*Asks:* 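Pasting in a structure now, in C-alpha cells, and then I'll have a few things to ask.
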Amino acid sequence: MTNRQRKVGAVLAAFAAAVAAWLPTTSAQAADGPVVHISVWNDDIGIPIPAQDPPQISWGLYNDGPGAAKDVTIKADFSKVKDWVTADGESVDTYTWSTIANVKEGSNAGYILDLRAKPGTPLGTKGTVTLSGTSSNGTVVSTDVEVTAGNVELSVNRLTDRKGDKPGSTIENPVTISNTGSLPAHGAQLQMRTTVGLSYADRYSNCVYSTVRDPDYQATQQALCTFDTVLEPGKRYRLQQPVKLDVGSQALFEYFQDDVLASPGDPAGMLSGDNKLSLVEDGPATPGGSKTGRQVITVDSTADMVAGGDKAKGAPGDVVPVDISLSNEGPGWVHYNLSDDQPALLFTVPTGTKAVEIPKECSVWSEEAQAGSGEQTPGAPQYVCDPHDNTFAVGDTRTFHFGLKIRKGAKTTTGEVKAMTAYGNVMTFDHNHANDTAAVTVKVKGAGSDTGASPSASATTSGSDDGNAPTTQTVADTAATGSLASTGSSSVLPVAAAVGAGALLVGGGLVFVVRRRKA
C-alpha cells in the first residue's frame with residue numbers, strides 16, 4: 001500500500017511533551033529496551049455528516065527511554081470500522097506508516113490521517129481504531145481512538161468590543177451557545193475568563209470560580225460553568241442571565257473570553273445551593289461562531305507611567321552604576337493589548353560618559369527607525385529599554401542597571417530618562433506628563449559641571465572609543481514628536497505582525513489579538 005505521509009512536527013511534538021506528565025514513570029522499567037507511547041491529539045472523533053473538512057487522527061510519539069528506539073513502525077487497525085470509515089480515502093483493514101529509523105528520548109513528531117464516513121452511514125454509528133506499533137529494540141504502547149458518524153459542533157456568539165466603560169460600572173454580556181453539528185451534545189461546559197480589572201458580579205452554584213495564570217495577562221479570573229442541558233443539533237441556547245462583569249478601580253485594557261466544550265464534566269469546587277445558571281432554547285443555531293469568543297474592553301481610565309533617574313559619583317576612568325526605572329502609579333494597570341507600542345524608557349547617556357554595561361532588555365536607540373536596534377553596543381548616545389514583561393500592575397517598577405565609564409577630562413554631567421512607547425510615541429493612556437522625564441547625574445570628582453543634555457536636536461553616535469564627547473550632547477524630544485518610520489523595527493520588542501497576531505493560551509486553546517504599530 002502506498003502511504004500518503006504528512007509530518008506534523010511542531011504541533012505534535014508540543015502535544016507529546018504535554019502528555020508526558022501523565023505517562024507512567026515506571027514504564028521504562030517494564031521492558032528491556034525503550035518504551036514508546038503513541039499520543040493522539042483527540043481520542044474521540046466525530047466524523048461530520050454531511051461531509052465537510054475531514055477530521056484527522058493526529059499522533060505523535062513520546063519515548064520514555066532508556067535510549068533511542070530504533071525502526072519504529074506505527075499502524076492503525078481499521079478492521080472494526082472499515083465498513084463505514086475510510087482512511088485517506090481508502091477502505092482498509094490496516095493503515096501502516098513508513099518506518100521511523102530513530103525515535104529519540106522525549107517528544108517526537110508523528111503523522112496525520114484523514115477520516116471520512118462512507119455514504120449512507122447512519123448517524124451515531126460508533127467504532128474503535130487502534131494505533132499500535134513495533135520497534136527493533138523496544139516496546140510501543142498502543143492506544144485507541146473512538147470514532148462516531150456525525151459530530152457535535154458547539155460555538156459561542158460574537159460579542160462586540162467595548163470602549164468607554166468607567167470604573168465602578170457593570171457590563172452585561174448576552175452569551176449564547178449554538179450546536180451546528182449533526183449530533184446532540186449531552187451537556188456542555190462554558191469556561192469564562194476576564195483580566196484582573198474585571199470581576200463576576202453574580203455567582204452561580206453550577207460554576208467554579210478561581211484565579212488562574214496565563215503568560216500574557218498575569219492573573220485572570222475564571223468561571224467554569226457546567227450544564228446538563230441536551231443541546232440539539234441546529235439549535236441555539238442562551239444563558240438565562242447575561243454575564244455581568246464589574247469594572248474595577250484598576251481596569252484599563254481588559255478582555256472577556258468564553259470557551260465552550262461539549263463534555264459536561266463534573267468539576268470539583270462547585271457552589272452548593274439552587275442558584276444555578278441555566279441554558280434556555282433560543283431559536284435556530286447561529287452560523288459563523290467559534291468555540292472561543294473574545295471581547296476587548298477598553299475602559300475610560302488612565303495609568304501614570306513614571307520615569308526614574310539616578311545619581312552616581314566617580315573619578316575619570318571609573319565605571320559607575322546607575323539604575324534607571326519605569327513605574328506605574330495607576331490608577332489603571334497596563335497591558336496595552338491594542339498595539340505593540342508598549343511602555344518603554346529612553347535613556348540619554350550623560351555627556352562625557354560611556355555606557356559599557358547595558359541591560360539585556362535595553363538596546364541602541366535608532367533615531368532613523370524610531371525603534372531599538374536590538375544591539376547592546378557600548379558607547380551609543382541613547383538606549384531604549386523595553387521590558388520583556390510589559391504588563392505593569394499598579395505599583396510595579398522595572399529597573400535597568402547601566403555601568404557608565406567616566407572618560408578623561410569629563411565634568412560633572414547630567415543625562416535624561418524619558419517614559420515613552422517602544423516606538424517613540426506618547427503613551428495615550430498616560431495623561432500626566434510632568435513625571436515622564438528624570439535626570440541621571442554623574443558627579444565627577446575634582447571637576448566642574450557640564451551643561452548636560454538638551455532636548456533640541458538629534459543625537460549621533462560618537463566616533464571616539466571613549467563614548468560621548470565632553471561637549472554638550474543633545475537629543476530629540478521623541479516622546480512628543482517621534483513618528484514611526486516606514487521601515488525598521490525593534491528586535492527587542494516582538495512585533496505582533498511577525499507572527500500574524502498576538503497569542504493567549506487560554507483554556508487549552510490559542511487566543512489571538514491583532515496588534516498594530518501606531519504612527
Side-chain angles (χ1 to χ4, degrees), residues 3-47 53-81 85 87-88 92 94-115 126-148 151-152 215 259 261-263 265 291-292 503 505-510:
N3 296 324
R4 182 158 61 95
Q5 304 171 2
R6 289 175 292 171
K7 189 81 83 169
V8 189
V11 173
L12 290 174
F15 174 70
V19 303
W22 55 261
L23 294 177
T25 57
T26 59
S27 60
Q29 287 75 40
D32 294 333
V35 177
V36 178
H37 298 264
I38 305 171
S39 54
V40 293
W41 186 262
N42 186 1
D43 64 0
D44 190 356
I45 298 175
I47 305 176
D53 289 340
Q56 297 164 333
I57 292 177
S58 302
W59 59 267
L61 300 176
Y62 191 90
N63 180 6
D64 272 350
K70 304 294 184 182
D71 306 318
V72 176
T73 300
I74 305 298
K75 62 183 179 180
D77 180 3
F78 279 84
S79 61
K80 296 178 181 179
V81 298
V85 177
D88 271 356
V92 295
T94 303
Y95 189 99
T96 304
W97 286 273
S98 297
T99 298
I100 304 173
N102 186 68
V103 176
K104 68 181 187 304
E105 285 193 50
S107 61
N108 293 263
Y111 293 86
I112 59 178
L113 180 67
D114 286 347
L115 303 179
K126 292 180 177 292
T128 301
V129 177
T130 299
L131 273 67
S132 61
T134 60
S135 170
S136 63
N137 68 330
T139 302
V140 178
V141 181
S142 63
T143 191
D144 289 337
V145 176
E146 300 299 320
V147 292
T148 304
N151 67 318
V152 173
D259 300 82
L261 304 172
S263 172
K291 290 184 178 180
T292 297
L505 178 60
V506 179
L510 282 175

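These numbers were taken from a predicted model, which means no experiment stands behind them.
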*Asks:* Looking only at heavy atoms, what is the nearest atom pair of G46 and P55, with distance?
*Replies:* O-CG, 3.6 Å

*Asks:* Which residues pass the side chain to side chain donor-acceptor pair (under 3.5 Å) test with D43, not counting sequence neighbours?
*Replies:* none

*Asks:* Check side chain to side chain donor-acceptor pair (under 3.5 Å) between E146 and all other residues, then give those that pass, not counting sequence neighbours.
*Replies:* T128

*Asks:* Could you tell me which non-hydrogen atom of V129 sits nearest to which non-hydrogen atom of A76, and how far apart they are?
*Replies:* CG1-CB, 4.0 Å

*Asks:* Judged by atom type as modelled, is there a donor-acceptor pair below 3.5 Å linking the side chain of S132 to the main-chain atoms of S142?
*Replies:* no

*Asks:* How far apart are the closest heavy atoms of A68 and K104, and which atoms are they?
*Replies:* CB-CA, 4.3 Å

*Asks:* Going from NZ on K70 to CG on N102, what distance comes out if it is rounded to the nearest 0.5 angstrom?
*Replies:* 4.0 Å

*Asks:* Test your reading of the model: is there a side-chain donor-acceptor pair from Q56 to the backbone of D114, 3.5 Å cut-off?
*Replies:* no

*Asks:* Could you list the residues that satisfy side chain to side chain donor-acceptor pair (under 3.5 Å) with K80, not counting sequence neighbours?
*Replies:* none

*Asks:* Is a donor on one side and an acceptor on the other found under 3.5 Å between the side chain of N42 and the backbone of V40?
*Replies:* no

*Asks:* Side-chain donor-acceptor pair under 3.5 Å between D77 and T94, yes or no?
*Replies:* no

*Asks:* Quick one: CD1 on I112 to CD1 on I57, what's the gap to the nearest 0.5 Å?
*Replies:* 11.0 Å

*Asks:* Taking only residues two or more places apart in sequence or in another chain, which ones pass side chain to side chain donor-acceptor pair (under 3.5 Å) with T134?
*Replies:* none

*Asks:* Taking all heavy atoms of G133 and all of I74, pick out the closest pair and write down the distance.
*Replies:* CA-CD1, 4.1 Å

*Asks:* Under 30°, 30 to 60°, or over 60°: which ring-plane class applies to W59 and Y111, parallel, tilted or perpendicular?
*Replies:* tilted

*Asks:* What residues, two or more places apart in sequence or in another chain, satisfy side-chain contact (heavy atoms from CB on, under 4.5 Å) together with V152?
*Replies:* L154, N179, L183, A185, A262

*Asks:* Within this structure, what is the CG-CD1 distance for the pair L61 and I38, rounded to the nearest 0.5 Å?
*Replies:* 6.5 Å

*Asks:* Taking N63 for its side chain and V103 for its backbone only, find out whether a donor-acceptor pair lies under 3.5 Å.
*Replies:* yes

*Asks:* Just jot down the side-chain contact (heavy atoms from CB on, under 4.5 Å) partners of A87, sequence neighbours excluded, or say none.
*Replies:* F78, V92, Y95, L113

